[in-house]
2 protein chains.
Amino acid sequence: MAEQAAPRRADARRNEKALLDAAAAAFVAAGVEAPVRDIAARAGVGVGTVYRHFPTRADLVVAVYRHQVEACAEAGATLLAEEASPYAALARWIDLFVDFLVTKHGLAAALHSDGGQFDALHAYFLDRLLPVGTTLLDAAVASGEIRPGLRAYELMRGVGNLCIGADSDPGYDARRLVGLLIAGLRRAD
Amino acid sequence: MAEQAAPRRADARRNEKALLDAAAAAFVAAGVEAPVRDIAARAGVGVGTVYRHFPTRADLVVAVYRHQVEACAEAGATLLAEEASPYAALARWIDLFVDFLVTKHGLAAALHSDGGQFDALHAYFLDRLLPVGTTLLDAAVASGEIRPGLRAYELMRGVGNLCIGADSDPGYDARRLVGLLIAGLRRAD
DNA sequence: TACGATACGGAACAGCGTTCCGTTTAGCAA
DNA sequence: TTGCTAAACGGAACGCTGTTCCGTATCGTA
């Protein structure tokens, strides 16, 4: 678990850091689909260097957002322990997830893009967040607050989809629609 | 309303028909983002001819799916008249919309793509379907079945988003999630 | 200081959308 | 039938992507 400082050359470590900073800036300015050349230019390196450090675009995106995804994953257990009910915890956790997605230009769209470009990104999100979602969903089913039968994968996929384009369209409030979706989960009495 | 046979050259009319058929086939085989060159090759014409008949890709997509969008739009009034309640009519109409989207490879994604590539497509869908959605939504609010405050644009945008990737992912059932969203619309008693 | 492994940079290639213009052809008039 | 012109065609060419590849530069060390 400790941050293993890989015994690589100093310039390689420097460039990796520069690339992470440049990518973060480029993602904010132009979305996660920012041209590789732009990112390379921002970092002051050649495109070859980008691909050497991050073989696929997904690797770069994962590296940039890893901390925030980890934080979201870890928040699950905390919420379940602290909120008034499992359903409330689930709702709050989904809010965190939505806030993360809508503030990252184009990330939600990339997450579900058809091309195999972002498969590793998709896989990473699933690996880290799906177990948390499953735990929260199971708890809410067990407490009788929501109807059973929906898998966490579908829920999170649906929530992710609802976040697509939430930036860049002032007339569309993803949070509100996600709220309706979560409301629809409640057990019909 | 009558089909005005434009007084153009015979080869132009022939090629337009061939392009529509070719595009429909290409969309089925490779989605609505099928390369222009592929469509041109299927139709046996040059790429220049594609752009002459359909200046933007959106024009081509609209032309291919126009009939089905019209049918969906027209179904709104029928459902409102025939279903047991406005909410039931709304639900059935949304089902029609979802069925249309999920069976058209990549159409939902294109509808909300960030690039200005499909703006005209977006606009066409809005022009034809938004009034219908507004009517159904208003009726369901008036009948007291659903909570007020959600604009038809947001609802349809959300539904469209939920349909993204519904093909090509067997583990994701867009219809179910749309159902939950519609359920979430019900007035909380 | 010299050397080898490591890493770099950017030219080069492939696939896409889009434009542009020389060539072909349909339709008509003589 | 022939000739003419406007309409339409085809595809080369351009620009912008991602991605690969290899000659060159640099780091770390002996």
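Values reported hereafter were calculated over all heavy atoms of this structure, with side chains retained and with hydrogens, waters and symmetry mates removed. Residue numbering restarts at 1 for every chain, and letters A, B, ... go by the order of the sequence lines.
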Phosphate OP1/OP2 of [N] contacted by [X] side-chain N/O (<4.0 Å):
X: A:Asn15; N: C:dC8; answer: yes
X: A:Arg57; N: D:dG18; answer: yes
X: A:Gln117; N: D:dT17; answer: no
X: B:Thr49; N: D:dA8; answer: no
X: A:His53; N: C:dA7; answer: no

Practice prompt. Kindly indicate whether the side chain of B:Arg52 and the base of D:dA8 share any N or O donor-acceptor pair separated by less than 3.5 Å?
Written response: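 No.
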Discussion item. Suppose we call a contact any N or O donor and acceptor under 3.5 Å apart; does that hold for the side chain of A:Arg37 and the base of D:dG18?
Written reply: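 Counting by modelled atom types and ignoring angles, a donor-acceptor contact under 3.5 Å is found here.
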Rounded to the Å, how far apart are [X] [atom1] and [N] [atom2]?
X: B:Arg8; N: D:dA8; atom1: CZ; atom2: P; answer: 7 Å
X: A:Phe118; N: D:dG18; atom1: CZ; atom2: C1'; answer: 12 Å
X: B:Asp119; N: C:dG17; atom1: CG; atom2: P; answer: 17 Å
X: A:Arg13; N: D:dT26; atom1: CZ; atom2: P; answer: 18 Å
X: B:Glu16; N: D:dA8; atom1: CD; atom2: C1'; answer: 13 Å
X: B:Arg9; N: D:dT5; atom1: CZ; atom2: P; answer: 15 Å

Worksheet item: Can you find a side-chain donor-acceptor pair between A:His53 and A:Asn15 that sits under 3.5 Å?
Response: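 Judged by distance alone, the side chains do not pair up.
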Identify which nucleotide among [options] has an atom closest to any side-chain atom of [X], counting heavy atoms from C-beta outward.
X: B:Val36; options: C:dT18, D:dG18, C:dT25; answer: C:dT18
X: A:Pro35; options: C:dA7, D:dG18, C:dA26; answer: D:dG18
X: B:Tyr51; options: C:dT25, C:dT19, C:dC8; answer: C:dT19

Discussion item. Heavy-atom nearest nucleotide on DNA chain C for B:Val47 versus B:Asp38: which residue maps closer to 5'?
Written reply: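 That would be B:Asp38.
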Practice prompt. By nearest nucleotide on DNA chain C, pick out whichever of B:Glu33 and A:Asp11 is the more 5' one.
Written response: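 Result of the comparison: A:Asp11.
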Worksheet item: Between A:Glu16 and A:Arg8, is there a side-chain N and carboxylate O pair less than 4.0 Å apart?
Response: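 Salt bridge: yes.
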Item to complete: Indicate the ring-plane relationship of B:Tyr153 and B:His122, choosing parallel, tilted or perpendicular according to the 30° and 60° boundaries.
Response: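 Perpendicular.
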Item to complete: Ignoring hydrogens and angles, tell me if any N or O in the side chain of A:Arg186 forms a donor-acceptor pair with the backbone of A:Glu145 under 3.5 Å.
Response: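 No; zero donor-acceptor contacts below 3.5 Å.
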Fill in: Donor-acceptor contact below 3.5 Å, side chain A:Arg151 vs main chain B:Gly171
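It does hold such a pair.
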